[in-house]
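The structure under discussion appears below in the form of structure tokens.
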There are 2 protein chains.
Amino acid sequence: MKTTHHPAVAQLSLPTVLSALGDPVRLRIVRSLADGRELGWGELTVPVGKSTLSHHLKVLRAAGVTRTREEGTRCYVRLRLDDLEQRFPGLMAGVLPAVVAEAGEE
Amino acid sequence: MKTTHHPAVAQLSLPTVLSALGDPVRLRIVRSLADGRELGWGELTVPVGKSTLSHHLKVLRAAGVTRTREEGTRCYVRLRLDDLEQRFPGLMAGVLPAVVAEAGEE
DNA sequence: GACATTGTTCGATGTTCGTCGATCATAGAA
DNA sequence: TTCTATGATCGACGAACATCGAACAATGTC
């Protein structure tokens, strides 16, 4: 595919991370990944077209929230929980429960 | 001044809160308030004009992150920590340390 | 009443964002 | 090689956003 760029741990920016999380569609993606599992692209069920999904995954990736692994023609996504914990200790521990709890509200 | 509107606890939305926090200027405001103190409008030193500051405070207020109290011609701002804890337990406990830690990086 | 202070609102400008359909590049299958 | 499936990229659109200066409203002071 392409050289999917992932920022280094030291370069993760808090406004960028929070801004990436501040969108309903992306928050829904994060919720799907909240348990740490790696999911295939197609398993991310969001109510948008695939070009839009690709865009949102790019935003999450650029913010350092997710890591995309390519395997053949398909790719897999997971949260960068360890990296985020290293850069912003406790952040995701505070955010993820709220993200998961938000599931039953919509 | 005006009828400054504050959303009820049950109406706080996670994407809205995170989105409100996902801006450098607003994050700087939140950092000033991180210890729970109430600050006067003028004590919020951010590198923007006053109309822009007013706008950012409105965004934070509308998201339910801050509460504005008016007293005469001047007003005071503070975080709605209790309300946020009630609606999203642990969220601010995870976010605020990262916000404060971010202080020495810029 | 006249003036000063404080913060909001308005209008405008340039930028960024979310969304889509269409196209393209890559890797695997027939 | 040809076809197919997977995602990324492109171009475009309208909406939302950050910013500013100027004008405004409300309160306090002289």
Side-chain angles (χ1 to χ4, degrees), chain A residues 1-7 13-33 38-78 106, chain B residues 1-7 13-33 38-78 106:
Chain A
M1 297 266 141
K2 251 294 293 306
T3 7
T4 48
H5 175 250
H6 295 90
S13 140
L14 186 58
T16 305
V17 169
L18 293 176
S19 179
L21 296 175
D23 176 274
V25 173
R26 291 194 289 266
L27 220 43
R28 187 163 169 160
I29 295 173
V30 169
R31 193 169 62 225
S32 305
L33 302 168
E38 183 180 69
L39 287 184
W41 211 91
E43 304 182 68
L44 301 169
T45 55
V46 287
V48 295
K50 65 174 188 170
S51 60
T52 304
L53 173 55
S54 183
H55 162 69
H56 284 304
L57 286 175
K58 186 177 183 178
V59 172
L60 288 171
R61 202 189 322 143
V65 176
T66 60
R67 182 177 297 282
T68 296
R69 180 175 63 88
E70 308 178 12
E71 186 172 312
T73 69
R74 60 187 66 183
C75 47
Y76 300 87
V77 188
R78 91 176 90 172
E106 352 178 15
Chain B
M1 297 260 140
K2 249 295 291 307
T3 7
T4 48
H5 175 251
H6 296 89
S13 141
L14 187 57
T16 305
V17 169
L18 293 176
S19 179
L21 296 175
D23 176 274
V25 173
R26 291 194 288 265
L27 220 42
R28 188 163 169 159
I29 295 172
V30 170
R31 192 169 62 224
S32 304
L33 302 167
E38 182 180 71
L39 287 184
W41 210 91
E43 303 182 69
L44 302 168
T45 54
V46 288
V48 294
K50 65 175 186 169
S51 60
T52 303
L53 173 55
S54 183
H55 161 68
H56 283 303
L57 286 175
K58 186 178 183 178
V59 172
L60 288 171
R61 202 172 37 206
V65 176
T66 60
R67 182 178 296 283
T68 295
R69 180 174 64 86
E70 308 177 11
E71 187 171 311
T73 70
R74 58 187 67 182
C75 48
Y76 300 86
V77 188
R78 91 175 92 172
E106 353 176 14

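First the proteins, then the strands, lettered A, B, ... as listed; each starts at 1.
When the side-chain nitrogen and oxygen atoms of A/W41 are compared with OP1 and OP2 of D/dA5, none of them lie within a distance under 4.0 Å. A close approach under 4.0 Å does not occur between any side-chain nitrogen or oxygen of A/T73 and OP1 or OP2 of D/dT6. Contact annotation: B/R69 side-chain N/O to C/dG7 OP1/OP2 distance is not under 4.0 Å.
In this structure, CZ of A/R74 is placed 13 Å from P of D/dA8, rounded to the nearest angstrom. Regarding B/R61, its CZ atom lies at a distance of 12 Å from the P atom of C/dG7, rounded to whole Å. For the pair A/R28 CZ and C/dT19 P, the interatomic distance rounds to 12 Å; values are reported in whole Å. If you take CD of A/E71 and C1' of C/dT26, they are 15 Å apart, rounded to a whole angstrom. In this structure, the CG atom of B/L53 is 13 Å from the P atom of C/dT9, given to the nearest Å. Between the CD atom of B/E70 and the P atom of C/dT8 there is a distance of 7 Å, given to the nearest Å. Atom-to-atom, CG of A/L57 to P of D/dT6 comes out at 15 Å; the value is rounded to the nearest Å.
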Validation: residues 45-66 of chain B side-chain donor-acceptor distances under 3.5 Å, sequence neighbours left out:
from, atom 1, to, atom 2, distance (Å)
B/H56, ND1, B/R26, NH1, 3.1

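Considering only residues two or more places apart in sequence or on other chains, A/P24 meets the side-chain contact (heavy atoms from CB on, under 4.5 Å) condition with B/P15. A/R78 pairs by the salt bridge (charged side-chain N to carboxylate O under 4.0 Å, His left out) definition with A/E38, not counting sequence neighbours. Every residue was checked against the side chain to side chain donor-acceptor pair (under 3.5 Å) condition with B/S19, not counting sequence neighbours, and none meets it. Contacts of A/S13 classified as side chain to side chain donor-acceptor pair (under 3.5 Å), with partners at least two apart in sequence or in another chain: A/T16.
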Q. Taking protein heavy atoms under 4.0 Å as touching, what does nucleotides 15-23 of chain D look like 5' to 3' if B marks base contact, S marks sugar-phosphate-only contact and - marks none?
A. ---SBBBB-
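Closest approach of A/C75 to A/T68, counting heavy atoms only: CB-CG2, 3.9 Å.
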